[in-house]
There are 2 protein chains.
Amino acid sequence: MASKVKASQQDRGETATRILDVAERLVQVRGFNAFSYADVASELNITKAALHYHFPGKAELGQALVTRYAARFAEALAAVEAGLDDAPSRLDAYAQLYLDVLRDERMCLCGMLASEYPTLPPPMQDAVVRFFEDNETWLARVLRQGKDDGTLHFAPSPTETARMIVSGLEGAMLVARPHGDVARFSSVASQLLAGVTSA
Amino acid sequence: MASKVKASQQDRGETATRILDVAERLVQVRGFNAFSYADVASELNITKAALHYHFPGKAELGQALVTRYAARFAEALAAVEAGLDDAPSRLDAYAQLYLDVLRDERMCLCGMLASEYPTLPPPMQDAVVRFFEDNETWLARVLRQGKDDGTLHFAPSPTETARMIVSGLEGAMLVARPHGDVARFSSVASQLLAGVTSA
DNA sequence: GTCTATAGGCAGATAGAC
DNA sequence: GTCTATCTGCCTATAGAC
């Protein structure tokens, strides 16, 4: 049973991983409907046919993209919980995850896909909705924790408050990117968090 | 000088107006990159060639769309100011404008275009940025009014607070639409406004 | 696994008749 | 103003050689 590195989830080859990396960036910058197999192939100096070997169609590539993105996000949230104990710090770290994406001149992958939602293959639609639900669930838990220990203060339910934070951060990315102004995002993010950290 | 109806801004023919109506809905639902001249033509039972007579290219059609949308929004904001005096009511009416769009299962036109920003023709990009700036300016003015007369309470500058409200409402639309859940939007909207109406 | 070659469709756009 | 007809290019996808 000498397993080398413990293949965490479905392991893909090196080429498949690089395809996902390039496609992910293209989708986050331009959108799922505005990138093509040709774009990815030319960046990697391979042919479109090779792409189809790794991902039969655009729908399958899209599913793989959102699945991997959601898994990574879940890992990041677990790391936040492991590394930080108090609710306010955890909220700060959560917002920082968004900021890191925007600094790269990208939109949140699932925020981008949310705008294209009616045009997506059904499996991608389901995965996008799940992403937001998972985020809200995690945030609601942190908010509940903070309310219980007195470090956070808010009137609506933790779930409703979580939804406001997710919406606010996604919207802040959406609006800040056309302005090319990361500070716009940071300002909104701190106001959102201040709404639950101050009495 | 017997002008019939006072051609408010650039008047377009009846057909051109119907083209804009159909194209506007398609962009708000599917996005600028995911609708085609063929889509519009088939809905109106005309040919693509006829479309090109009214709007030479997709870029020009897109410009006309965002220009008209921004003008209508500005009219709506003026109507809000004319019809309501106090700042809290004006904020409520502002959020209601967004809700009306979402009820139609549409995204804000400029929110949709913001997600596609890097792929848009430059004139459309400029118009999208201007739309958000105009919204923020209007909101900041209302916020200042409310702060001065004691009906609103917030710590950051009116401009920064305005940006948080715009971002929050746009993000709430973005996230609510995939869930098919208008209540999600309303919940976030009232939380955002509660943040400035309660002490 | 990656290639060449190609199929089949749809995109935006134009010419010219009516 | 609207039509038919057509162009060119890009899209996703497949077949089959290496």
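Throughout, a chain's letter reflects where its sequence line sits, starting with A, and its residues are numbered from 1. From a predicted model like this one, the values you see are computed outputs, not experimental measurements.
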What pairs of nitrogen or oxygen atoms, one from the protein and one from nucleotides 16-18 of chain C, lie under 3.5 Å apart?
none

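Across the protein-nucleic acid pair, B:D39 atom CG and C:dA11 atom P stand 6 Å apart, rounded to whole Å.
At a threshold of 4.0 angstrom between heavy atoms, the contacts of A:G13 with the nucleic acid are absent. Backbone-only engagement by B:F35 is indicated by non-hydrogen atom pairs under 4.0 Å involving sugar-phosphate atoms exclusively.
Of the side-chain N and O atoms in B:H52, none sit less than 4.0 angstrom from OP1 or OP2 of D:dG1. For the OP1/OP2 pair of D:dT2 and a distance below 4.0 Å, the side-chain nitrogens and oxygens of B:T47 include no atom meeting the criterion. A close approach under 4.0 Å does occur between a side-chain nitrogen or oxygen of A:Y53 and OP1 or OP2 of C:dG1. The side chain of A:T15 places an N or O atom within less than 4.0 Å of a non-bridging phosphate oxygen (OP1 or OP2) of C:dT2.
Taking B:T137 as the reference, nothing meets the side chain to side chain donor-acceptor pair (under 3.5 Å) condition, with sequence neighbours excluded.
A cation-pi arrangement is absent between B:K58 and B:Y37 under the rule of less than 6.0 angstrom and at most 45 degrees off the ring axis.
Looking at B:V101 and B:M107, their side chains never come closer than 4.5 Å, going by heavy atoms from C-beta outward.
Scanning residues 19-31 of chain B for heavy-atom distances under 4.0 Å to DNA chain C yields an empty list.
Counting non-hydrogen atoms of other residues, nucleotides and ligands closer than 6.0 Å to CZ of A:R12 gives a total above 12.
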